[in-house]
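Heads up: the structure comes next, in structure tokens.
Note on naming: letters A, B, ... go to the chains in the order of the sequence lines (proteins, then strands), and numbering restarts at 1 for each one.
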Amino acid sequence: MEEATCERIIKSVDTIIRKDSALNEFGIIQSASEVNKSPVIHIDHKLGLESWCVKYVYKYAYTVVMRYSSIGGYNYSESVIRGTQFCLLLKPEVTTFWNIRKKIILKGLLNADVDLLLSRLVLTLKPKCIEAFQHRRWLYSAVLSDQNSGSARNNVILNNNIGVPGTLKDFLWAELDLCTWTASKKPNNYHSWNHRLWVVKKLSSSVEDTEISELLKVEYNSSKTWISYHVSEHSGMHYRFKILDEICCAFEKGRLNLVYIDSNLNTVKEIYLKDLKLSEDWLQSYPDHEALFYYRRNILAKLQYLFSNNGQKASPPPPAYKRSCIETIDSEWNAVIQRELKLFEEIKGHSDHYTQLCRQHLNWINNNISY
Amino acid sequence: MGSHPKDVEITDAHPKTLLNQKHAEYIINYSKKKDDYEYTMTEHFRMSGIYWGLTALDLLGQLEKLNKDEVIDFVKQCQSSNGGFSPSIGHDPHLLYTLSSIQVLVLLKAIDKVDTEKTVEYISKLQNEDGSFSGDEWGEVDSRFSFCAVASLTLLNRLDTIDVEKAVQFVLQCQNVDGGFGTRPGSESHSGQIYCCLGLLSITKQLHRINSDLLGWWLCERQLPSGGLNGRPEKLPDVCYSWWVLSSLTMLGRLHWINREKMVKFILATQDPESGGFTDRPGDMVDLYHTLFGLAGLSLLGEKSLKKINPVFCMPQYVLDQIGVNVQILSI
């Protein structure tokens, strides 16, 4: 393919990205062979590239960018910006190309908005892409929230997700929606849930007490709904477990009222006792899911810690609690354990797999829980 | 054990013996194949690819079949002026490729061919106030990078240049209630991260600070009826986890907690008898990454035709013996 054709395709992609800030999807359209029309498709805010051109144009764009790299120092020409953009859409794992764009953004020659859109498009094709999540975290920390980064910051209008300008807080709230989307596209999407935890941390440290209550209530409810539809995804359950920890922390710091989260909650223990019951309901409906057993273990370990540290603070949670010795047998804790030992007589699972999971669970209790 | 909803089936059609020569040929041919497009598409992790290939070849006893000078020359060209190493010429340096480069140079006894003082400086400057490490100048933090830093400095015999106790503290904060470790404090447990965190604790002789029984159980529950290991609950088995999980169990002195015979059968079934090399699961496409971790797993399990592997550095044990590096292995 001629260089001029490659250049035309790269420019065409760039023009669409610059003009349509409401683009919401990028994809490769499988096509058998070269046809006499542009391989760039733009319909209904979706950007597509026909597969026949990928190999040639990628190689061309890659070579253009690397040529700048080899002569040392980039002069940040438009062709480097367009070239890295094109390559990253197809191969977002090339960290060096994200780095080139970071340098250009810091020089004020590229609007951070463009990269919020680019990394978002990348995630529509590759929802697990760690480099895209990293770049978004960097954009937030180094550009969006940095009062000193001058022009780069001033130019950002934060139309990150829905094409509507907003504040830093709006960015973070919208980032939660992006995480919901990426998590729904790839099961057990580690990087998506990790990114969501990062967003929650950033939001909780930057908002008022009323807003943190709102945030944790939304996450408390939405994670419950998520798990009930994704009972084999441990990542979502781990996230909920961390949200419970966040609720405890905020409560102990006097930043939120537990009844705001749930009208039946009065103490930290009740948060976890309620989820122990919830986990039982899930196991009743879906007995074959290992992830649900793991969630239950985490709740039990946390409760054991809370019962053995009566009156002590629940946070920060220590890592991997060592087997604690509960010296005075608390009647409430005793009830939890008695229930646990009888639970699997009540839950009727029929598969060999379920029998194996129950055996593992009881083994874990014997090894880690005092009773 | 009965049928499992998220497992694979191993049949009589899958290989049952180790195809040593096929794997050596696969690696040697891979290094010669420089098809334009494929070469471009894999350039961003080339240095790790070289490490995977060379280590696998050495385990197979055929390291001399590759052109060492060519490799050394390439690694030298990938050293950046700040001392760090990049995955390929023209790319940016990162701790991930700095470790791979050092591993390659140590394996080829050529560490004196680069400016290691600058590398030591590069690595130590990436340590943050809380003891964690950023992967590069852009600041992303991950417990993998902590391992890369500590492993690299140990191979260079310069662990004294960082705050080791703080590095250990950070890794301990990445531990979860289930005993596993994640990328950052609060992140979900993941077998790959567990290997990195345990590796750091093993190098720094701090393994006694964790609950080994709890973690050991979590790790051995990764084994599925097919014998394969997954990296997290309810995920499919993958041969790379035969490395991350087996090496972790080895460090904890609990390798016998998994079923060895079934594990070997699973790894052998991921070989491609025609092209050579290993895949993630039986029947998929082979690559260098799974080829190294398949062989390394078998070596840990005592396969006699392979050289012995070190569970922490994922390098042949004799290499570490030569430079006097030792690690902590728990016993029960």
For this session: Could you check if a side-chain atom of A:S232 sits within less than 4.5 angstrom of a side-chain atom of B:K6, using non-hydrogen atoms only?
Result: yes
Seminar exercise, completed: Cut-off 4.5 Å, heavy atoms of chain B, and the answer for A:Y62 is side chain
Exercise. When rounded to the nearest 0.5 angstrom, what is the spacing between NZ in A:K102 and CD in B:E137?
Worked result: 9.0 Å
For this session: Please check if atom NZ in B:K166 has more than 12 non-hydrogen atoms from other residues, nucleotides or ligands closer than 6.0 Å.
Result: yes
For this session: Over all heavy atoms of both residues, which pair between B:E234 and A:V231 is shortest? Give the atoms and the distance, please.
Result: OE2-O, 4.0 Å
For this session: Would you sort out whether B:S187 and A:W193 count as a side-chain contact (heavy atoms from CB on, under 4.5 Å), showing the intermediate values?
Result: CA-CA 8 Å; B:S187 304; A:W193 289 102; over 6 Å; no
Exercise. Closest approach of A:H353 and B:P5, non-hydrogen atoms and distance?
Worked result: CD2-CD, 3.6 Å
Exercise. Do other residues, nucleotides or ligands put more than 12 heavy atoms under 6.0 Å from the CD atom of A:E3?
Worked result: no
For this session: Go through the side-chain N and O atoms of B:E188 and A:H234 and say whether any donor and acceptor fall under 3.5 Å apart.
Result: yes
Problem set entry | Distance (rounded to the nearest 0.5 Å) between B:N176 CG and A:H238 NE2 | 5.0 Å
Problem set entry | Spacing of CG belonging to B:L214 relative to CG belonging to A:N367, to within rounding of 0.5 Å | 9.0 Å
For this session: Would you mind checking which part of A:Y58 comes under 4.5 Å of any heavy atom in chain B, side chain (CB onward), backbone (N, CA, C, O), both or neither?
Result: side chain
Exercise. Are any of the side-chain heavy atoms of A:R297 and B:D178 separated by less than 4.5 Å?
Worked result: no
For this session: State, with a plain yes or no, whether a side-chain heavy atom of A:N368 is found less than 4.5 Å away from one of B:W217.
Result: no
For this session: Report yes if some heavy atom in the side chain of A:S235 is under 4.5 Å from a heavy atom in the side chain of B:R232; otherwise report no.
Result: yes
Exercise. Distance-only, no hydrogens or angles: does the B:E140 side chain make a donor-acceptor pair with backbone N or O of A:Q134 under 3.5 Å?
Worked result: no
Exercise. Is B:F74 atom CZ crowded by more than 12 heavy atoms from other residues, nucleotides or ligands, each under 6.0 Å away?
Worked result: yes
Exercise. Counting only heavy atoms not in B:E9, do more than 12 sit closer than 6.0 Å to its CD atom?
Worked result: no
Exercise. So what's closer than 4.5 Å to chain A heavy atoms on B:W138: side chain, backbone, both or neither?
Worked result: both
For this session: List the steps and the verdict of salt bridge (Lys or Arg N to Asp or Glu O under 4.0 Å) for A:E290 and B:R222.
Result: CA-CA 11 Å; A:E290 187 185 23; B:R222 306 279 55 79; 3.3 Å; yes
Seminar exercise, completed: The reported gap from NZ in A:K55 to OH in B:Y37 (rounded to nearest 0.5 angstrom) is 7.5 Å
Exercise. Parallel, tilted or perpendicular for A:F97 and B:H91, by the 30°/60° rule?
Worked result: parallel
For this session: Enter the distance from B:Y97:OH to A:T95:OG1 here, rounded to the nearest 0.5 Å.
Result: 5.5 Å
Exercise. Are B:E43 and A:K91 close enough for a salt bridge, meaning some N to O gap below 4.0 Å?
Worked result: no
Seminar exercise, completed: When the 4.5 angstrom heavy-atom criterion is applied to A:V200 and chain B, the contacting part is neither
Exercise. Does a side chain donor of either B:T183 or A:N194 reach within less than 3.5 Å of an acceptor in the other side chain?
Worked result: yes
Exercise. Counting heavy-atom pairs under 4.5 Å to chain B, which of A:V94, A:L197, A:T63, A:L90 comes out on top?
Worked result: A:V94
Problem set entry | Donor-acceptor under 3.5 Å (B:H94 side chain, A:T96 main chain) | no
Seminar exercise, completed: The reported gap from CH2 in A:W364 to CH2 in B:W218 (rounded to nearest 0.5 angstrom) is 14.5 Å
For this session: Over all heavy atoms of both residues, which pair between B:V177 and A:A301 is shortest? Give the atoms and the distance, please.
Result: CG1-CB, 3.3 Å
Exercise. With a 3.5 Å cut-off and no angle check, do the side chains of B:E221 and A:Y294 form a donor-acceptor pair?
Worked result: yes
Exercise. Is there a side-chain contact between A:I100 and B:D92 (heavy atoms, below 4.5 Å)?
Worked result: no
Seminar exercise, completed: If one checks every heavy atom of B:L215 against chain A at 4.5 Å, the contacting part turns out to be neither
Problem set entry | Side chain / backbone / both / neither for A:I130 at chain B, heavy atoms under 4.5 Å | side chain
